[in-house]
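In what follows, a single structure is set out as structure tokens and then discussed.
Here the structure is a predicted model, which is why all the values come from computation and not from measurement.
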Amino acid sequence: MTGTAGTPLVLLGNFEVEDEWAKGESGLPMLAGRNSAAIVNRMDEFALLLAGPDDHVVLKSAPDADYLDHLASLGVELPTVLVTDVQDPAHSVTVDALRSPRLMASLRELAGRGARLLPHGQSALEDELCERTGLASALPPSSLVKSVNSKIYSRRLATELGLPLARGWECETVGAFEEAAEEAVALCVDQGRRVGVKDAYGVSGKGIAVIDDSRRLRQLVRMVARGAAKRGDDRIALVIEEWADKTTDLNYHFTVGRDGSVRFDFVKEALTRNGVHKGHRFPAQLDPGHIAAVQDASARIGARLAADGFHGVVGVDAMLTRDRGLLPLLEINARNNMSTYQTSLQERFMRPGSTALARQYELSPTTRVSFARLRDRLGDLLLDPATGRGLIINNFATVNAAAPADPDGRPWTGRLYGLLLAGSTAELDALDRAVAEAVRKETNPDD
């Protein structure tokens, strides 16, 4: 992505960069609570475990010192951490960085030493950060990155490449949306099949409506039309798709080099709930034909992205249907994916024949949780490097991200992210249950 493996990187975990790409695009209304934004913005800590010892990582606040010591005890070589001068829970790490004079000075110094910025994804905010610090980005300009991340681009590319895809319509004007909705009613909804209406830049279950009633779909059309009339602009960016009868969500990962080469990395089973990503299980249990089809799709999609000028990490959402068919291109995520942040851990700690689960655990603490306290609670459930089995915590910042400044005994929502390794599926499931119970007891110590 930079031309040489020795290039020092400045990593930036600007998660849900789609919110920036969606600015100026008209679609479905999206609502997110402050707690949710606070947690998402502290997902910046994932970048710690993607960086190498010669890299730098920009974070919204310093990691828990005991957490860093724990990672070091596992043999993880950590990068240099740079912290923003200000930390607003509602702001992404990039926004806080742009408002941090001392940090910006440090980034200018790194730019002078040849470092490159590697964000989660490139938006106009990261373009600005590069311009103001002199850092060159390891990714293309945001306008190009945005264009290839549109769900409209994904559907049209699947059609161009002759890849199987669900029946659907790409809508860039209100008129096209009205016509597509009537076709969807006749061909899908009135036949008892659901459809999904998706924002071109929706993420994590936001900007999507799953509809099984023609009145509701027409009501949504009227709402979008009224919004366009109020703006005086009929341009929109929406997709309507027949809701596929799936059995398994998949995510596969490849990297497009600056020279146009495409390297297939891996495929994992994606765990989702109501369209929201919850984790991965791997290796994915796929037959050789499906693996070959995914690898072929990677090569073809990657070549097309390279022809359009893109280079960088790409994750593609796919699915298996109940008839064991494969829909190999639901959505292109030409940015870091959650699976990207697991790679260094799986390469270091995952042994041949073992199985892994990356997932999140919900907490409802009433006081701030220290890593030392959680470490003691988890005990021997944590990774034992001698056996290669146990839990590796790969983001602790999200546990306390939504904590109020002055906790008054009321609970808040926190998340603990981890990678579990075991020798078999049964052992992995037992470990998962034990970790979930330990986390629950951390939240409710009197149970």
Side-chain angles (χ1 to χ4, degrees), residues 1-2 7-20 37-65 67-68 70-72 74 76-84 87 89 91-98 100 103 106-107 110 115-123 125-126 129-130 133 135-139 145 203-204 253 255 265 277 280 312-315 333-348 358 360 371 392-401 415-419:
M1 292 169 60
T2 65
T7 303
L9 299 174
V10 176
L11 286 91
L12 192 72
N14 56 314
F15 277 76
E16 297 202 356
V17 63
E18 287 85 353
D19 289 347
E20 289 299 318
I39 293 173
V40 167
N41 290 332
R42 286 319 323 270
M43 291 170 72
D44 63 343
E45 196 173 77
F46 277 116
L48 269 180
L49 293 171
L50 186 61
D54 297 325
D55 297 328
H56 291 70
V57 173
V58 177
L59 298 178
K60 288 167 64 70
S61 63
D64 184 296
Y67 176 49
L68 295 181
H70 173 70
L71 293 175
L74 296 176
V76 176
E77 295 183 287
L78 295 169
T80 300
V81 174
L82 302 174
V83 178
T84 58
Q87 204 287 83
H91 291 162
S92 72
V93 63
T94 309
V95 171
D96 281 349
L98 288 167
S100 300
L103 171 65
S106 297
L107 296 180
L110 289 171
R116 283 180 175 257
L117 183 72
L118 180 57
H120 178 77
Q122 190 83 15
S123 76
L125 288 175
E126 289 68 49
L129 188 66
C130 288
T133 61
L135 282 168
S137 179
L139 299 177
V145 175
V203 61
S204 298
H253 193 284
T255 307
D265 298 320
H277 175 84
H280 291 101
V313 166
V314 181
N333 294 302
R335 51 159 172 77
N336 286 351
N337 292 244
M338 286 296 288
S339 57
T340 310
Y341 297 99
Q342 300 153 15
T343 52
S344 62
L345 295 178
Q346 69 191 66
E347 289 169 358
R348 174 184 288 270
Q360 64 190 52
F371 180 80
I392 309 171
I393 295 172
N394 58 348
N395 190 314
F396 180 72
T398 49
V399 169
N400 296 306
R415 288 185 208 156
L416 178 72
Y417 287 89
L419 178 66

Rounded to the nearest 0.5 Å, what's the gap from NE2 on His120 to CD on Glu18? Could you check? 6.0 Å
Could you tell me whether a side-chain N or O of Lys60 sits under 3.5 Å from a main-chain N or O of His91, the two making a donor and an acceptor? yes
Look at the side chain of Asn395 and the backbone N and O of Ile393, then say whether any donor-acceptor pair between them is shorter than 3.5 Å. no
Is it true that the side chains of Thr2 and Thr7 contain a donor and an acceptor less than 3.5 Å apart? yes
Do Asp55 side-chain atoms and Leu9 backbone N/O form a donor-acceptor pair below 3.5 Å? yes
How are the rings of Phe371 and Phe396 set relative to one another: parallel (under 30°), tilted (30 to 60°) or perpendicular (over 60°)? perpendicular
For the residue pair Leu107 and Leu117, establish whether any side-chain heavy-atom pair is separated by less than 4.5 Å. no
Okay, side chain of Thr398, backbone of Arg415: is any donor-acceptor separation there less than 3.5 Å? yes
Determine the minimum heavy-atom distance between Gly312 and Leu139, stating which atoms define it. CA-CD2, 4.2 Å
Measuring only between side-chain heavy atoms, which start at C-beta, is Val81 closer than 4.5 Å to Pro63? yes
Centroid-centroid distance, Tyr341 to Tyr417, less than 6.0 Å: no
Search all heavy atoms of Leu135 against all heavy atoms of Ala115 and return the closest pair with its distance. CD2-O, 3.4 Å
Identify the heavy atoms of Ala358 and Gln342 that sit nearest to each other, and give their distance. CB-NE2, 3.3 Å
Shortest non-hydrogen contact from Arg335 to Val203? NH2-CG2, 4.2 Å
Backbone N or O of Ala38 within a donor-acceptor pair of the Asn41 side chain at under 3.5 Å? no
When rounded to the nearest 0.5 angstrom, what is the spacing between CG in Leu118 and OG in Ser137? 7.5 Å
With rounding to the nearest 0.5 angstrom, report the CZ to CG distance, Arg42 to Leu59. 6.0 Å
Do Leu12 and Asp44 have side chains that get closer than 4.5 Å, going by heavy atoms? no
Taking the side chain as everything from C-beta on, heavy atoms only, tell me whether His253 gets closer than 4.5 Å to Val314. no
Please report the C-alpha distance between Thr343 and Leu50 in whole Å, then the side-chain angles of each, then the deciding distance to 0.1 Å, and finally whether the side chain to side chain contact (heavy atoms under 4.5 Å, CB included) criterion is met. CA-CA 8 Å; Thr343 52; Leu50 186 61; 4.0 Å; yes
Distance, nearest 0.5 Å, that separates CG of Asn337 from NE2 of His280: 7.0 Å
Taking all heavy atoms of Leu129 and all of Ala97, pick out the closest pair and write down the distance. CD1-CB, 4.4 Å
Report the C-alpha separation of Thr255 and Asp265 in whole Å, then their side-chain angles, then the decisive distance to 0.1 Å, and conclude whether the side-chain hydrogen bond (donor to acceptor under 3.5 Å, both in side chains) test is met. CA-CA 7 Å; Thr255 307; Asp265 298 320; 2.9 Å; yes
Under a 3.5 Å cutoff, is there a donor and acceptor pairing between the side chains of Gln87 and Ser61? no
CZ-SG distance between Arg116 and Cys130, expressed to the nearest 0.5 angstrom: 9.5 Å
Interatomic spacing from CG in Leu68 to CG in Leu48 - rounded to 0.5 Å: 6.5 Å
For the pair Asn394 (side chain) and Gly418 (backbone), establish whether a donor and an acceptor sit closer than 3.5 Å, ignoring hydrogens and angles. yes
Using the side chain to side chain contact (heavy atoms under 4.5 Å, CB included) rule, take Leu11 and Val58 through it: C-alpha gap first, then chi angles, then the decisive distance, then the call. CA-CA 6 Å; Leu11 286 91; Val58 177; over 6 Å; no
Between Glu126 and Asn14, do the side chains contain a donor N or O and an acceptor N or O under 3.5 Å apart? yes
